[in-house]
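Note that the coordinates shown come from a computational prediction; the quantities given were computed from them, not determined experimentally. Just so you know, these numbers use all the heavy atoms, side chains as well, and skip hydrogens, waters and symmetry mates. All residue numbers in this chain count up from 1 along the given sequence. We count ligands from 1, going down the list as the structure has it; atoms in each ligand are counted the same way.
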Amino acid sequence: MEELNETHVTEFILLGITDLPHLQVILFITFLIFYLLSFIGNLSIVALVITDRGLHTPMYFLLGNLSFLDFFYATTTVPKLLSCLVFEDKKISFEGCIVQLHIFHFLGSTEAMLLASMSYDRYVAICNPLRYHVLMARAACFQLAFTSWLIGFLYSLTHTILTSKLPFCNMNKITHFYCDIKPLLKLACTDTHINESLVNILTGSVALGTFTLIIISYIFIATHIQKIQTQHGRSKALSTCTSHLTVVFLYYGTAFCTYLRPATKDSLEQDRLTAILFTVITPALNPIIYALRNKDVKKAFRKFFRENLFLK
Ligand SMILES: *[C@@H]1O[C@H](CO)[C@@H](O)[C@H](O)[C@H]1NC(C)=O
């Protein structure tokens, strides 16, 4: 036991994505573009939701929360990944690693719950429009958002505490580009079967639970939309859901691919690839999906440009 303590790991090495120099340059440029997109896109949506009166509704408050979250979500991993690619800056302290793991899972799970809250909002708006302002009053909306953030935090704290208590002896090379649970479990010098099952159970219940809520909301929405007689009424009801549904599919598609599989050596390799999707690409796509597909957001963007760029 004493010997183990002497070689206790104080820092980790993130192996990143590739060692091939020319590929590193290409990846750096690509990821940088995506990061800038998600930086500008998400912060613009937050700014619009706060300043534009047309967007002061529950749906857009929740969208503002989602964009706010996506911005930090990308910022937790991408800058480190970029500096890993160009400066070969691969070291991360033990504490830094645990903090990154915590924030990453905190934001990741909160996103799932915000997406579920947004589908509940759509369900009420479409199936129960007369009571929308009662059911989604400011206080209720605030509670939905707050509960999402709180549960996300506690959920992630469980992972963080369990992972930080693991003994790490002499292996410190993480086969990933950020600190995630499964790659860390592989490095621990102890039997991690219980941890692994817990990760699967916890992650599975959050993912499946929120996904089920979303599916149920959309089953109600779909049956309701079927009953609408006019084509115009139908497409109007649908149009407020399509951007949310697209974001939902992006999120759950990648999440299920990564977390609901056992941690074998091959799957860790694949995990790195799907992780690029949800750390680098999805946070950049979410605001674009909303900016292109949602009429109110489009209108707010146009108004913003007219007032701030062209008339001054
Ligand atoms: C997040 O949602 C809450 C609840 O409606 C809202 O008050 C807050 O302004 C939102 N935050 C952002 C950044 O949109």
(message) Under 3.5 Å, is there a donor on one side chain and an acceptor on the other for R122 and S217?
(response)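 The answer is no; no qualifying pair exists.
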(request) Verify whether one side chain among Y60 and N65 offers a donor that lies under 3.5 Å from an acceptor in the other. (result)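 Note: Y60 and N65 side chains miss the donor-acceptor criterion.
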Exercise answer: donor-acceptor pairs, residues 37-49 side-chain atoms, under 3.5 Å, sequence neighbours excluded:
residue	atom	partner	partner atom	Å
S38	OG	Y35	O	3.4
N42	ND2	S38	O	2.9
N42	ND2	P283	O	3.0
S44	OG	I40	O	2.4

(request) Could you please provide the protein residues found below 4.0 Å of ligand 1 on a heavy-atom basis, arranged by chain and number? (result)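 Ligand 1 pocket, heavy atoms under 4.0 Å: F61, G64, N65, R138, C141, F142, A145.
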(request) List, by chain and number, the other hydrophobic cluster members for L202, where Ile, Leu, Val, Met, Phe, Trp and Tyr join if side-chain heavy atoms come within less than 4.5 Å, directly or indirectly. (result) Y155, V206
(request) Could you name each residue pair satisfying salt bridge (Lys or Arg N to Asp or Glu O under 4.0 Å) that touches residues 47-75, not counting sequence neighbours? (result)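 Sorted result for residues 47-75: D52-K303.
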(message) Over 60° means perpendicular and under 30° means parallel, so tell me whether Y218 and H244 are parallel, tilted or perpendicular.
(response)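 Aromatic pair Y218/H244 classed parallel.
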